[in-house]
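Values below: all heavy atoms of this structure, side chains included; hydrogens, waters and symmetry mates excluded. Order of the sequence lines sets the chain letters (A, B, ...), proteins ahead of strands, with each chain counted from 1.
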Protein chains: 2
Amino acid sequence: MAKDTYHHGNLRAALLNAALNALKDEPPAKLSLRQLAGCLGVSANAPYAHFASKDDLLDALRREGFVELKSEMADALAVAGSGRSVELAALGRAYLRFGREKPHLYALMFAEGPVPSEATASAATDSFALLRQTVEGLGTDPDLAHFAWALVHGLVTLDAAGQLEPLGAAPIEDLAPRLAQILIGTR
Amino acid sequence: MAKDTYHHGNLRAALLNAALNALKDEPPAKLSLRQLAGCLGVSANAPYAHFASKDDLLDALRREGFVELKSEMADALAVAGSGRSVELAALGRAYLRFGREKPHLYALMFAEGPVPSEATASAATDSFALLRQTVEGLGTDPDLAHFAWALVHGLVTLDAAGQLEPLGAAPIEDLAPRLAQILIGTR
DNA sequence: ACCTGAACACCGTTCAAGT
DNA sequence: ACCTGAACACCGTTCAAGT
């Protein structure tokens, strides 16, 4: 049954899974295609039957990351109370938690090296759209959604770089209500 | 003189200079110690006479980056008019311009891989201190300086990732006055 | 269609040795 | 003190070949 048909069924999914797993422990720069293949008991270039290059595999990982991020934001929005402030805080909290819990995947998603595929770029746009809709009409500045994005993105990456330690031991997603406060401008 | 004493005088400075130069064209991930040495006409492991490892050289580059960032922020503050809002905008403008003009050096400065040396960590703290002092007492939130930092940091890295293109063709440092507006809360 | 084996051109790093 | 040459254990990727 589909198990060990050739070597172990579905190498493509196994590679993505193994890579995602490796990203729990190490930054994307440490990911090695040969090592991934070795862990799955397959030859060094077997991956090339499923991915055009290492960058192609990384692009698929990135896409998965954006899809997951959007899904978690949508879930948070669904259970949040109504009112712009609490919606915004819920969205920010989901975003910050995703970034804190998966710092290496998050870093890969925003890495600057290779140009993302069209599919990955649109997954990124889709996840940002959720934030843009919630922020829409909140302030007078039409770019407020971008500033909101920069704020959470900056917090996630500064936290990953260890520059937010002076803020104390609380997880960064607890900052979400204060971010909403700043963006809305009520003080 | 002091030229070509052994091979060409000061290999350490030449390596840092060549690396800084390479960062103008390519991301830090592409930096190769062997290639740097080759460009300077020196053997592949000559760098190890001056740096303990590749990470050690990268750490020195990072430190230089933070020192330069602080210096440019200090210069901007010196020529700025008085008043919290214009000071903050001047500081933000200097930060954003640095990040936009040297995206690869900036990315290296905040890379997550190796733990920064104590000297580099304190250079980072020093550059942040400038921002903290300017923001101090501006709002009721004691963490406002961190939010300000996250905001500019987020804008620089989103811009480097190509996610800020919808904002138009203007360089991101033009956003500085609006950032100050948001942080101060006058609208 | 999916995988192996051998090879190529790279890496960072170490070690012995030269001046 | 500063550098070279040869070597080791890795990389990503390609090519011919196997089933």
| said: Parallel, tilted or perpendicular, judged at 30° and 60°: which one describes the rings of B/Y106 and B/Y95? | reply: perpendicular

| note | Stems with DNA chain C, 3 or more Watson-Crick or G-U pairs in a row (under 3.5 Å), are C:4-8 with D:12-16, C:12-16 with D:4-8

| request: Just do the side chain to side chain contact (heavy atoms under 4.5 Å, CB included) check on A/D174 and A/R93 with the steps written out, would you? | output: CA-CA 7 Å; A/D174 287 354; A/R93 168 173 287 275; 3.2 Å; yes

| Which nucleotide in the list C/dC3, C/dT14, C/dG5 gets nearest to the side chain of B/N45? | C/dT14

| task | Calculate the interatomic distance between B/N10 atom CG and D/dC3 atom C1'; express it in whole Å. | result | 14 Å

| message | Any residue in residues 25-39 of chain B with a heavy atom nearer than 4.0 angstrom to DNA chain C? Just list them by number, or reply none. | response | B/L31, B/S32, B/L33, B/R34, B/Q35

| said: Rounded to whole Å, please give me the gap between CG in A/L58 and C1' in D/dG12. | reply: 12 Å

| task | Take A/L61 and A/L31 through the side chain to side chain contact (heavy atoms under 4.5 Å, CB included) test and state the conclusion after the steps. | result | CA-CA 12 Å; A/L61 289 177; A/L31 272 192; 4.2 Å; yes

| request: Rounded off to whole Å, could you give me the CG-to-P distance for the B/L15 and D/dC2 pair? | output: 13 Å

| note | Taken to the nearest whole Å, CG/B/D56 to C1'/C/dG12 is 14 Å

| said: If the cut-off is 4.0 Å, is B/H50 near the phosphate of D/dC3, judged by side-chain N/O to OP1 or OP2? | reply: yes

| said: Tell me whether the rings of A/F110 and A/F66 are parallel (<30°), tilted (30 to 60°) or perpendicular (>60°). | reply: perpendicular

| Is any NZ, NE, NH1 or NH2 atom of the basic residue among B/R97 and B/E72 found under 4.0 Å from an Asp or Glu carboxylate oxygen of the other? | no

